[in-house]
There are 2 protein chains.
Amino acid sequence: MEKPLDQTDWRILAELQENGRLSYNQLGRRVNLSSPAVAERVRRLEEAGVITGYQARVDPAKAGLPLTAFVQMRCQLGRCLLKTTTAADLPEVVEVHKLSGSSCSMLKVRVTSMRHLEGLFERLGEHGEMHSYVVLSTQYEGRPVEPPPTDARPVTDPAGWSR
Amino acid sequence: MEKPLDQTDWRILAELQENGRLSYNQLGRRVNLSSPAVAERVRRLEEAGVITGYQARVDPAKAGLPLTAFVQMRCQLGRCLLKTTTAADLPEVVEVHKLSGSSCSMLKVRVTSMRHLEGLFERLGEHGEMHSYVVLSTQYEGRPVEPPPTDARPVTDPAGWSR
DNA sequence: GTTGAAAATGCCTTGGC
DNA sequence: GCCAAGGCATTTTCAAC
């Protein structure tokens, strides 16, 4: 059930991440497989949870949310954002990650305006210390996941500490 | 061409972000429109660049990339990551944002292992100062973009500085 | 701008190899 | 994993509201 993905699987993933609406016919042509064969592989990738769904990609700026920011939260005990609020309360928050280190979480937020961002920061600030980073521009986002390099690059150790 | 999205457009976006493979038939039923009508709206959303494409969502962990981290770069003059390397050189980097403030960019990276992460950090470190944050767990990511709240919440000003 | 139906295309699935 | 064929859902077009 936890079989590693072969090269064909990765080609399928690459194609479907670039165009999630390809028919099995088109997809099969691009990876040199017949449509039943490719359909079976896709079904397995979905069943294994590798493919979790299909999503239309929306340009936030074109949809009226031109500002993006990252927020690091260092929540106060008992006021942690993750325990005192719910996703529905903060529709501006599009990503939430728990972190190691001194910050407890990293958020990505999208807003309509600086005024909107200011109001959001006030609400988030209730939960603890906060560091914010406003995004000026985004080079890319949602880049397709690629197969990891097979050559495990060795970590350099010029001083020889690991010997 | 830059018309604001109406409520129906947002319902369409919500459905397609949740399931990008809905047929116009199914989609129309969910937003109370006929299939030609909904097809026309989707075509316009695509043409206007609101919908930028359709993507299969891949679980990075299931695909062999169980570790995620954020990296803030404060590049040295002339060694900026964005000017001295290309996307193909750093397949681990799945997001790049330019930032305001003292850091020049925020990266999201995905790797196979701690060893892999260590090697990546070494390579990134060549370009300047670096702050990294390892993700312990992700609550959500790629949350559908929602219509911004219509009620522009006023920023609080108890002390009256803005008067 | 929207509706409804009808025609034609293309698709998915099944079975046999 | 491939090929072929059957049945089916889909997209698209059109006239009408």
Side-chain angles (χ1 to χ4, degrees), chain A residues 1-65 144-148 150, chain B residues 1-59 62-64 142 144-148 150:
Chain A
M1 162 177 170
E2 294 273 329
K3 301 268 176 72
L5 307 179
D6 67 12
Q7 198 182 343
T8 305
D9 288 324
W10 275 111
R11 288 173 68 190
I12 290 172
L13 289 180
E15 294 292 342
L16 286 180
Q17 284 180 100
E18 195 176 337
N19 184 354
R21 282 195 151 177
L22 286 175
S23 71
Y24 292 139
N25 248 328
Q26 299 170 295
L27 181 57
R29 210 170 300 131
R30 292 174 197 217
V31 301
N32 294 324
L33 245 60
S34 67
S35 47
V38 83
E40 174 65 11
R41 278 186 183 255
V42 170
R43 197 192 58 75
R44 287 189 189 184
L45 288 169
E46 290 169 350
E47 196 176 24
V50 178
I51 295 175
T52 59
Y54 301 86
Q55 204 180 36
R57 287 173 60 79
V58 172
D59 181 336
K62 292 278 177 59
L65 296 164
V145 174
E146 284 183 31
T150 52
Chain B
M1 162 177 171
E2 294 276 328
K3 300 269 177 70
L5 307 179
D6 67 14
Q7 198 181 344
T8 304
D9 288 324
W10 276 111
R11 288 173 69 190
I12 290 171
L13 289 180
E15 294 292 343
L16 285 181
Q17 283 179 102
E18 194 175 339
N19 184 354
R21 282 194 151 179
L22 285 175
S23 71
Y24 292 137
N25 245 328
Q26 298 169 296
L27 182 56
R29 209 172 301 131
R30 292 175 196 215
V31 302
N32 294 323
L33 247 59
S34 67
S35 46
V38 82
E40 174 66 10
R41 279 190 183 250
V42 170
R43 197 192 58 76
R44 289 190 186 185
L45 289 169
E46 290 170 349
E47 198 177 22
V50 178
I51 295 175
T52 59
Y54 300 86
Q55 204 181 36
R57 287 173 60 79
V58 171
D59 181 336
K62 293 278 176 58
V145 173
E146 284 184 30
T150 52

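Each chain gets a letter, A, B and so on, in the order the sequences are listed, and its residues count up from 1.
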To the nearest angstrom, how far is [X] atom [atom1] from [N] atom [atom2]?
| X | N | atom1 | atom2 | answer |
| --- | --- | --- | --- | --- |
| Q26(B) | dC11(C) | CD | C1' | 14 Å |
| E46(B) | dT11(D) | CD | P | 12 Å |
| R29(B) | dT3(C) | CZ | P | 14 Å |
| L22(B) | dA9(D) | CG | C1' | 14 Å |
| R43(B) | dT2(C) | CZ | P | 13 Å |
| E40(A) | dG1(D) | CD | P | 8 Å |
| Q7(B) | dG1(C) | CD | P | 18 Å |
| N25(B) | dC8(D) | CG | P | 16 Å |

Practice task
Output yes when a side-chain donor or acceptor of E15(B) lies under 3.5 Å from a complementary backbone atom of L22(B), and no otherwise.
Solution key: no

Problem - Check: V145(B) main-chain N/O paired with Q17(B) side-chain donor or acceptor under 3.5 Å - result: yes

Exercise for the section: Please tell me if the side chains of P148(B) and L65(A) come closer than 4.5 Å, counting only heavy atoms from C-beta onward. Expected result: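 Side-chain contact under 4.5 Å: yes.
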
Give the nucleotide from the list [options] with an atom nearest to the side chain of [X].
| X | options | result |
| --- | --- | --- |
| S34(A) | dC12(C), dT10(D), dC2(D) | dC2(D) |
| Y24(B) | dT12(D), dG1(C), dC11(C) | dT12(D) |
| A37(A) | dT3(C), dC2(D), dG1(C) | dC2(D) |

Handout entry: Pair E46(A) + R43(A), salt bridge at N-O below 4.0 Å
Key =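 No, E46(A) and R43(A) are not salt-bridged.
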
Problem - Salt-bridge present (R44(B), E40(B); N to O < 4.0 Å) - result: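 Yes, R44(B) and E40(B) are salt-bridged.
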
Exercise for the section: Answer with base, sugar-phosphate or nothing: what part of the nucleic acid does R41(A) contact at a heavy-atom distance below 4.0 Å? Expected result: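 The residue R41(A) makes sugar-phosphate contact but no base contact.
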
Fill in the blank from the handout: Closest to the 5' end of DNA chain C, once S35(B) and D6(B) are matched to their nearest nucleotides, is D6(B)

Problem - Upstream residue (5' side of DNA chain D) when P36(A) and A39(B) are each assigned their closest nucleotide - result: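 Residue closer to the 5' terminus by nearest nucleotide: P36(A).
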
